[in-house]
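Inspection log for the structure reproduced underneath, given as structure tokens.
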There are 2 protein chains.
Amino acid sequence: MNLEELAERIKTFEGVTRKKQIEDIVSIFEAVRPEYKNAIVDFGDDAAVIDIGGDDVILFAADGIWGRILDASPWWAGYGAVVVNVNDIAAMGGKPLAMVDVASSSSDTACRELMEGLAEGVRKFGVPVVGGHVHPDTEYNSISVAIIGIVKRDCVIRSDTARPGELVIAAYDMDGRIGPNSPYSWDTTSFKTPMKIRETYLVTQKIAARKLVTAGKDISNPGTIGTLGMLCETSKVGATVDLEAIPKPDNVDFEQWLKMHPGTGYVFTAKAEKAEECIKVFEEAGLTAAVIGKIEAGSKLDIYDKSGRVTVFDFSKESITGIGSE
Amino acid sequence: MNLEELAERIKTFEGVTRKKQIEDIVSIFEAVRPEYKNAIVDFGDDAAVIDIGGDDVILFAADGIWGRILDASPWWAGYGAVVVNVNDIAAMGGKPLAMVDVASSSSDTACRELMEGLAEGVRKFGVPVVGGHVHPDTEYNSISVAIIGIVKRDCVIRSDTARPGELVIAAYDMDGRIGPNSPYSWDTTSFKTPMKIRETYLVTQKIAARKLVTAGKDISNPGTIGTLGMLCETSKVGATVDLEAIPKPDNVDFEQWLKMHPGTGYVFTAKAEKAEECIKVFEEAGLTAAVIGKIEAGSKLDIYDKSGRVTVFDFSKESITGIGSE
């Protein structure tokens, strides 16, 4: 494995580069940030954190599905929209409460498939779709889903709170399948029972309540290293990752695995004394978890193995989302 | 004015007929409604009502913008997405807390215009956009916005709670302009100061807190009669409307006005002894409000003037959304 080439391919991977647009968008909204601040966290995390005055805070997120996945299968787009939204709440340590959707479709068939995929997600994850809007007569198909969740104010798992010296933990559900619509999609839910799925995604609520971690994100399109990169960028820290420590399913190529968007996968950071307990809680829920690296002072995310060490991202010179930059 | 023809044109108006799709969609989700019920209200109202266990409930809604408005002006689509979402929360008596958006765009220019329209909505209404997702490389432009709000549990203004004998009140901001992208759009906000706008949309929070009304909706694409029709359908009641009692701006055609989607406009129902106070509160906030009819037992929404009376909708034979039907 040539580390230099691997680092370059991770950095230029479309799952990572597509995040760049976010920077411009956020700057437009920063100029009009309203005078009252009930948003404790907004852009740059998996979900925004909204203060409603009590012990609980509301988590609020939205996601859409890539055009190519939607065209390949409206059913998977609808189903996948539920998965990514539930993951946004789970990554923050929250309990998902409800979703709304806005769907556009060019045909009755595509619309019905989209909705049936969404409905299957509702059945599997047990989070209701409570409203939404359908454009039945567009020239394209699209699906956007927003979700709300709830969590105790002092238990929120943010992504801008990692500090140097903390350990990086990756956790994945290894019982999965590639695809069907992308070589970088690791489906871990569609073939499992609702009870099994809920047991798995409830684990982050337990980790949050027991305050085992200091920061975290769900692994999404940028893959394991790209997602950790986003966490480092918003936390204004660097990291080192031991490639040989990353758990991987048998029969999946390692580079492909690093770029994979898993149905259930997290990058969390923890103080050294809490790492073992955190891994134990993940493993009791059926995930495979391991310490894969360390948060460092500075601005570089490095990967290493026995052959050497290279920098994948240097946030003093470049950005993924640009949100953590001054 | 030929009442028969007017009734037919209201009923077959696209703003009304486009609501029909909702029925099929809801039936898909009813089959998978999760076993735990934290949604007090879901489909069929302006916003879903989510129980979070305390005195307050969370309101949650989503809306997208018609393709033709988006193509005519991405700026107006972004701005309009804020207006319709804020109205969904206002119609329920709630305080809007935050929005998220999912945008797709085919060009940097369209994307920027969309976002600048959204940002202007944030500035005017004082409700922040706290997150979202952008697809920068689609073949089409689209914008979906979701919003959350908060209201006391016992103050929620629902649309399925109107009862026979109650009065129908319509309230509008008369200080508006037609268009610019649709003859059925009555813009009452884009040219006003943030302070003026917030004073106007805060009025429903006051009406909710004082429990002056029994049900209500914001007037949207189906116009005044179509929106009242949706309220009657979900409440399983009929209504009679005195056309001559409907307030109307000078220099706007009456039929066009009936089909108008106002920036600020509501159809509320109230017990007779509360109607006067409700109208007074609306008028103190600068709206023009009047009793325009009465909720009736049965399934017919009738309109009348001195020339006669005709039925626009008979929900025993037809539906707008289909949600109120057994």
Side-chain angles (χ1 to χ4, degrees), chain A residues 18 21-22 24-25 28-29 31-36 38-39 41-43 45 47-48 50 52-54 56 58 60-64 66-67 97-98 100-104 111-112 115-116 118-120 122-123 126-140 142 144 146 148 150, chain B residues 18 21-22 24-25 28-29 31-36 38-39 41-43 45 47-48 50 52-54 56 58 60-64 66-67 97-98 100-104 111-112 115-116 118-120 122-123 126-140 142 144 146 148 150:
Chain A
R18 275 182 111 257
Q21 182 84 6
I22 295 172
D24 289 345
I25 301 307
I28 293 175
F29 289 112
V32 293
R33 196 162 278 189
E35 57 278 21
Y36 70 88
N38 48 21
V41 172
D42 52 16
F43 283 92
D45 219 317
I50 308 297
I52 53 168
D56 292 320
I58 297 293
F60 190 19
D63 246 311
W66 285 26
L97 291 173
V100 293
D101 74 293
V102 177
S104 296
C111 186
R112 178 155 287 273
M115 291 300 134
E116 283 174 353
L118 262 183
E120 178 65 5
V122 168
R123 193 177 77 80
V127 182
V129 169
V130 295
H133 194 82
V134 174
H135 301 280
D137 48 12
T138 53
E139 283 164 23
Y140 53 88
S142 83
S144 309
I148 58 172
I150 193 164
Chain B
R18 275 181 111 258
Q21 184 84 5
I22 295 172
D24 289 346
I25 302 308
I28 293 175
F29 290 112
V32 292
R33 194 162 280 189
E35 56 278 22
Y36 69 87
N38 49 20
V41 171
D42 52 15
F43 284 93
D45 220 317
I50 309 296
I52 53 167
D56 293 321
I58 298 292
F60 190 18
D63 245 312
W66 284 27
L97 291 173
V100 292
D101 74 291
V102 177
S104 297
C111 186
R112 180 155 286 273
M115 291 299 135
E116 283 174 353
L118 260 183
E120 177 65 6
V122 168
R123 194 177 77 81
V127 182
V129 168
V130 294
H133 194 81
V134 174
H135 302 281
D137 48 12
T138 54
E139 283 164 25
Y140 53 88
S142 82
S144 307
I148 58 172
I150 194 163

Legend entry - Engaged part of A/Ile150 at the chain B interface, taking heavy atoms whose separation is under 4.5 Å: side chain
Legend entry - Proximity breakdown for B/Ala61 and chain A, heavy-atom pairs closer than 4.5 Å: backbone
Inset, instruction - Counting only heavy atoms closer than 4.5 Å, note whether B/Ile58 contacts chain A via side chain, backbone, both or neither. - result: side chain
Legend entry - Qualifying residues under salt bridge (Lys or Arg N to Asp or Glu O under 4.0 Å), relative to A/Glu116, sequence neighbours excluded: A/Arg112
Inset, instruction - Find out whether B/Ile52 and A/Asp56 are in side-chain contact, i.e. whether some heavy atom of one side chain is under 4.5 Å from a heavy atom of the other. - result: no
Legend entry - Contacts of type side-chain contact (heavy atoms from CB on, under 4.5 Å), residue A/Ala48, not counting sequence neighbours: A/Ile50, B/Val130
